[in-house]
Amino acid sequence: MSKKVPVEKGKAYEIVINTLGTSGEGVGRYDEFTVFVPYALPGETVETVIDEVKKTYAKGHVKKIIKQSADRVEPICGIYDKCGGCQLQHLDYMAQLNAKRQQVIDAVTRIGKQPDLHVEPTIGAATPWNYRNKMQFPIGRDKGKTIIGCFAQGSHAIIDTTDCHIQKEGNNEVVNAVREIVTKLNIPVYNEDKHTGVLRHVVGRVGKNGDIMVVIVTATKTMPKEKEFVKMLRARLPKVVSVHQNIQTYHNNVIMGRDTKLLWGRPTIQDSIGRLNFHISPRSFFQVNTSQAEVLYNKALEYANLSGQETVIDAYCGTGTITLFLAQKAHSVIGIEIVKPAILDAQKNARDNNVRNAEFIVGDATKVMPRLYKQGVRADVVVVDPPRAGCTPTVLETFANMQPERIVYVSCNPASLARDIAILDELGYKAVKVQPVDMFPCTSHVECVTLLQRKES
C-alpha cells in the first residue's frame with residue numbers, strides 16, 4: 001500500500017531547505033516527502049504554500065522566511081520575482097559558485113556513478129552583470145501595448161523588460177528601440193494562440209567595439225514597413241551595423257527559422273576570444289559570455305595537452321571557436337557541425353585568422369563520425385561540445401573506436417555530461433577531472449570541461 005502524500009495543495013507547511021535543484025529552486029522535505037520551493041536557499045526554514053502535488057514531490061512558494069540564509073542578498077532587478085531569465089540573483093555570488101560545483105558533484109556521483117571523480121572549484125566571472133552578448137526576446141501585446149522581454153518562469157507570459165541586468169547594454173538598447181519603433185509603425189505582433197500577426201522575436205548580438213546586430217523574427221515571409229523600420233532603427237542606434245529578418249512560419253516554439261534575409265548592413269558581426277577573431281551570422285552558435293568563453297577554451301586547450309603532432313576532432317564545432325583554439329597547438333583539427341551557415345562562418349574565421357590546419361565538415365556528428373572512421377581517420381584527441389541533450393551512443397562509440405589518448409568533453413548540462421561519462425567509462429575512457437566554469441552568472445546553468453583518458457588495456 002502506497003504511503004499517503006503528507007501535503008495538500010493550498011496549505012502552508014514549515015520546510016527546511018537542504019539543497020538547490022537543477023533549476024535553482026530550494027529543495028526540502030516534509031515528513032520525508034520532497035518539496036521544491038523557488039527562491040528558497042539551503043539552510044533556510046521557510047513557510048511554504050503548496051501549489052502543486054504529484055505522487056513523489058510537491059511544488060510550493062515562499063510565504064515567509066522563518067530562518068534566513070547568511071548567503072541571501074537583495075536582487076538588483078525590479079522584475080526578478082516575475083521574470084524567468086535569472087534564478088539565483090538572491091544568492092551571494094561566491095555561494096552561487098559553490099552551489100554550481102555541488103550541482104556537478106551531485107550529477108557525476110548519482111548519474112555518472114563516479115563518486116571519486118575530482119570536481120574543481122567553479123571559476124567565477126569578474127562580474128556577474130551585463131555579460132550576455134546575445135539576447136532573444138519574444139514580442140507580444142498586453143493591454144494594447146507592445147511588450148518585449150523574457151517569459152515568466154514556466155509559462156509563455158511575456159514580462160516586459162527595459163533593463164535586463166545580465167544583458168550587455170547594447171542589447172537593452174535594442175529591446176527599447178524595437179519596442180518604440182514597432183509601436184510607432186504599428187507593425188502587427190504575432191499571436192501564438194491564434195497564429196496571426198507578424199513579429200515573433202527580436203534577437204540582438206553585441207560584438208567587438210559594441211557593434212550591434214539586430215534580427216527580427218517574423219511569422220511571415222515579408223515584413224511590413226521594413227525600410228521604415230531599418231531607417232528608424234539606424235537613427236535610434238548608431239552602433240547597429242547589421243539588420244536581418246529571419247522567417248519562422250512554423251507553429252512551434254523554435255525561435256529562428258532556416259531562412260534569413262539581410263535587410264541592411266553587414267552579413268555578420270565580429271567578436272574576439274583571446275587573439276582570435278570570429279564572424280558571427282544570425283543563426284551561428286557563439287558563446288554568450290565572451291570573457292568567460294576564453295577561460296573555458298583555455299581550460300579545454302590545457303586538458304587537450306597538445307604537443308603539435310596530434311590530429312584532433314572537434315565534434316559540434318559551431319563557428320569554429322574551440323577548433324581554432326586547438327589548431328594553435330595541434331598538427332591538424334577537423335571540425336564537425338550540422339548548421340551550414342556556422343560552418344561557412346568557421347571557414348571564414350579560419351581564413352581571417354590565418355589558420356591553415358583546420359578542416360570543417362557540414363553534417364550531423366552522429367553520421368559524420370562513423371563515416372570518418374570508415375575512411376580511416378583516427379584522432380589522437382577528441383574534443384566535444386554537444387547540445388544540452390549530450391551525445392548519442394553512436395557518437396560516443398565512434399570516439400572510443402578511434403582510440404584517442406584523451407577526450408575533452410565540454411558541456412552545458414551536468415546531467416547529460418554525467419550520463420555520457422558513465423557510457424564512456426564502459427567504453428574504456430576514465431574521467432579524470434572536471435572544471436566547472438560560470439558562463440551564466442545569476443542563473444542555474446553551469447558549463448564544465450572534463451578530461452577523460454584512455455584506460456590501459
Report yes or no: does [X] contribute a side-chain atom to a donor-acceptor pair with the main-chain N or O of [Y] at less than 3.5 Å?
X	Y	value
Tyr93	Ala125	yes
Gln89	Tyr80	no
Ser284	Ile280	no
Arg101	Val119	yes
Gln245	Lys221	yes
Gln87	Ser444	yes
Asn130	Ile166	no
Gln248	Val254	yes
Asp71	Asp92	no
Asn133	Val288	yes

Minimum heavy-atom distance [X]-[Y], with the two atoms named:
X	Y	answer
Pro224	Pro188	CG-CD, 4.4 Å
Arg419	Gly390	NH2-CA, 3.7 Å
Gly85	Thr443	O-CG2, 3.7 Å
Gly207	Ile269	N-CD1, 3.7 Å
Ala418	Ile111	CB-CB, 3.8 Å
Thr161	Gly149	OG1-CA, 3.4 Å

* Asked: When you look at Leu451 and Val449, which way does the side-chain contact (heavy atoms from CB on, under 4.5 Å) test go after all the steps?
  -> CA-CA 7 Å; Leu451 172 63; Val449 186; over 6 Å; no

For [Y], is there an ion pair with [X] - N to carboxylate O distance below 4.0 angstrom?
X	Y	answer
Lys261	Glu226	yes
Lys299	Glu302	yes
Asp160	Lys145	no

Side-chain contact test, heavy atoms from C-beta onward, threshold under 4.5 Å: evaluate it for [X] versus [Y] and give yes or no.
X	Y	result
Pro282	Val203	no
Arg132	Val206	no
Tyr190	Val217	no
Ile421	Leu417	yes
Asp345	Phe286	no
Val178	Phe229	yes
Leu372	Ile361	yes
Tyr297	Val410	no

Between [atom1] on residue [X] and [atom2] on residue [Y], distance to nearest 0.5 Å:
X	Y	atom1	atom2	answer
Ile336	Met369	CD1	CE	5.5 Å
Asp420	Phe399	CG	CZ	9.0 Å
Leu396	Leu424	CG	CG	4.5 Å
Phe36	Ser23	CZ	OG	9.0 Å
Leu326	Ile313	CG	CD1	12.0 Å
His244	Asp259	NE2	CG	14.0 Å

* side-chain contact (heavy atoms from CB on, under 4.5 Å) evaluation trace for Gln453 with Arg406 -> CA-CA 5 Å; Gln453 288 185 331; Arg406 291 173 294 287; 4.1 Å; yes

Could you tell me whether the side chains of [X] and [Y] share a donor-acceptor contact shorter than 3.5 Å?
X	Y	result
Thr122	Asp438	no
Gln102	Asp106	yes
Thr146	Arg141	yes
Thr323	Asp314	yes
Arg351	Asn349	no
Ser332	Asn357	no

* Run the side-chain contact (heavy atoms from CB on, under 4.5 Å) check on Val384 and Tyr316 step by step: do they pass? -> CA-CA 6 Å; Val384 59; Tyr316 310 97; 3.6 Å; yes

* Would you please test Gln292 and Gln287 for side-chain contact (heavy atoms from CB on, under 4.5 Å) and show each step? => CA-CA 9 Å; Gln292 284 294 86; Gln287 292 284 2; over 6 Å; no

Report, as yes or no, whether the 6.0 Å neighbourhood of atom [atom1] on [X] holds more than 12 heavy atoms from other residues, nucleotides or ligands.
X	atom1	value
Lys329	NZ	no
Arg388	CZ	yes
His118	NE2	yes

* Given Asp271, which of Thr321, Asn277, Thr290 fulfils the side chain to side chain donor-acceptor pair (under 3.5 Å) condition? ->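 When Thr321, Asn277, Thr290 are each tested with Asp271, the side chain to side chain donor-acceptor pair (under 3.5 Å) holds only for Thr290.
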
* Structure fact -> Which of Arg72, Lys67, Lys64 passes salt bridge (charged side-chain N to carboxylate O under 4.0 Å, His left out) with Glu44? It is Arg72

* To do: Walk me through it: do Asn289 and Ser291 pass the test side chain to side chain donor-acceptor pair (under 3.5 Å)?
  => CA-CA 6 Å; Asn289 189 332; Ser291 58; 3.3 Å; yes

* To do: Give the ring-plane orientation class for Phe151 versus His201, where under 30° counts as parallel, over 60° as perpendicular and anything between as tilted.
  =>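 Ring orientation of Phe151 relative to His201: perpendicular.
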
